[in-house]
Number of protein chains: 2
Amino acid sequence: MSIEADVKTRGKREETKANNRQAILDAARRVFAELGYGATTVRDIIRATDLASGTFYNYFKSKEEVFQALQDDTALRVRPRLRAERIRAATFEEFIAGTFRTFFDFVKNDQTSLATMRRNPELQRMRIDTPEVIAGFEELRADLETAIRNGVMPDTDADLLMAAMVGVAFEVANHMISRSDVSAQDAAEFATALFLGGVHALPKRKRPKAT
Amino acid sequence: MSIEADVKTRGKREETKANNRQAILDAARRVFAELGYGATTVRDIIRATDLASGTFYNYFKSKEEVFQALQDDTALRVRPRLRAERIRAATFEEFIAGTFRTFFDFVKNDQTSLATMRRNPELQRMRIDTPEVIAGFEELRADLETAIRNGVMPDTDADLLMAAMVGVAFEVANHMISRSDVSAQDAAEFATALFLGGVHALPKRKRPKAT
DNA sequence: CCCATTCGTGACGCCGCGTCAACTTTTGGT
DNA sequence: ACCAAAAGTTGACGCGGCGTCACGAATGGG
């Protein structure tokens, strides 16, 4: 019924188009996770579907573009949450804390797209920023500018502050993922304390030595 | 004379071996800068030398390994300077300030390897951590642990603190490179103030509006 | 001076790339 | 219900990069 409805409203062409695109994206996610991004070829992706090689190029120009689509998808899922958190914030303490908490929670619960494909067998590690990811950064910068104009945030270079937040967020998230003793809350508290009060304000380490 | 001396002490074999290796590395630097890392092929690199294609594989397994050698080279140049700065530090203010200042200065003055190959036409931006780079991170972590044990640094999670410093350093450095109005000193002061006192302590923005 | 060893060479087979002409399916008009 | 045009799929093809390997040249030891 719902399929028939889709067919009626969108037509068979639109339907298979959407299906094929999704099939490629799904296959790519699987193959990237299995072989690693660098080792994956367009042929690997298309072989993991029941489509022909030529069809791939009706939807994407390269594996890079597929990866970008996956990353952009993730970015578009998390950005509204971050945005909402920052808009809700009345003080800049809430602004910082809400942003970090939301981000680390998301990373913890979305290992599929963010963490799985960070695993790069051939090279040590790499980070790729796609357009929607960068747009998310710009969004943060704009919100910081607004906060500064409203007087809730000290008047400083919003672009550098954005860069610092982004740098801490991604780097700490990586360590959070590879370590088993750091929860999303731990990471958020650490990053928030750093930005609110500097090193002096950082939380004490959990287990100093043992005992 | 010096060449003859080299030949006498090392023999012709060792000599051409070193020369070939260096020729490949030099060619790679040029080609990476011109075509971008992703678009470069092993063939491109070897064509930029007067060697045959097979010879490449006597020295490196892939272009990734060449890139790694170049990155490691850079890492090994900057690490001693960072190390010295941190050892000299008596207070943790000096520890933080010295580390950031040295790092940003280095990035500004070493655009050849760091910035030139950051020029990546095909993909937006990416970061690749090679073994010696990672070893530099571990070195920082170890120094942070030592500072904590000596009581000059608050007792906190040294691994997360290292991650935060690394994240801020690289991300702010990227913005410093692409912006014309941020000097190495500006970047260092910003990062240092953030770590010493949090957002409250950040320097005021230079040109707020105009006047 | 000669032989063993090391190393440079480039042709080779393999495979992934992106294209394109032929073919199939869908659509809209009658 | 039919059909022609449009849209989309297919896989074979030419191209070029990959890593290898048998060959020959250069080197060094005896």
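These values consider heavy atoms only, across backbone and side chains, with no hydrogens, waters or symmetry-generated copies. Throughout, a chain's letter reflects where its sequence line sits, starting with A, and its residues are numbered from 1. In this text, all values refer to a predicted model and were calculated from it rather than measured experimentally.
Summarising the geometry, the separation between CG on B:Asn20 and P on D:dA26 is reported as 14 Å, rounded to the nearest angstrom. A straight line from CG of B:Leu35 to C1' of D:dG17 spans 14 Å, rounded to a whole angstrom. One can place CD of B:Glu15 at 16 Å from C1' of C:dT6, the figure rounded to the nearest angstrom. Between A:Leu51 atom CG and D:dT10 atom C1' there is a gap of 10 Å when expressed in whole angstrom units. D:dA7 atom P lies 11 Å from atom CD of A:Glu14, rounded to whole Å. In this structure, CG of A:Asp44 is placed 12 Å from P of C:dC15, rounded to the nearest angstrom. Taking atom CZ of residue A:Arg21 and atom P of nucleotide D:dG8, one finds them 14 Å apart after rounding to whole Å. Summarising the geometry, the separation between CD1 on A:Ile24 and C1' on D:dT10 is reported as 13 Å, rounded to the nearest angstrom.
Checking C:dT27, C:dC17, D:dG11 against every side-chain atom of A:Lys12, the shortest atom distance belongs to C:dT27.
Taking B:Ala135 as the reference, B:Arg79, B:Glu132 meet the side chain to side chain contact (heavy atoms under 4.5 Å, CB included) condition, with sequence neighbours excluded. With sequence neighbours left out, the side chain to side chain donor-acceptor pair (under 3.5 Å) criterion links A:Glu94 to no other residue.
Positionally, the nearest nucleotide of DNA chain D for B:Thr41 lies more toward the 5' end than for the other of B:Thr41 and B:Thr16.
A salt bridge between B:Arg47 and B:Asp44 is present, with a side-chain N of the basic residue lying under 4.0 Å from a carboxylate O of the acidic one.
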| From CA spacing to verdict: salt bridge (charged side-chain N to carboxylate O under 4.0 Å, His left out), B:Glu15, B:Lys12 | CA-CA 5 Å; B:Glu15 195 63 19; B:Lys12 265 190 184 173; over 6 Å; no

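Between the side chain of A:Asp110 and the main chain of A:Phe106, no donor-acceptor pair closer than 3.5 Å is present. A donor-acceptor pair under 3.5 Å links the side-chain atoms of B:Lys63 to the main chain of B:Gly38, judged by distance alone.
The phosphate of D:dG19 has neither OP1 nor OP2 within less than 4.0 Å of any side-chain N or O from B:Arg43.
Counting non-hydrogen atoms under 4.0 angstrom, A:Ser53 reaches a base of the nucleic acid.
Taking every heavy atom of residues 54-63 of chain A and every atom of DNA chain D, pairs under 4.0 Å involve A:Gly54, A:Thr55, A:Asn58, A:Tyr59, by number.
Counting distance only, with no hydrogens placed and no angle test, the side-chain atoms of A:Arg13 and the base atoms of C:dT27 include no donor-acceptor pair under 3.5 Å.
In summary, the side chains of A:Ser183 and A:Asp186 do present a donor paired with an acceptor at a separation below 3.5 Å, with no hydrogens or angles considered.
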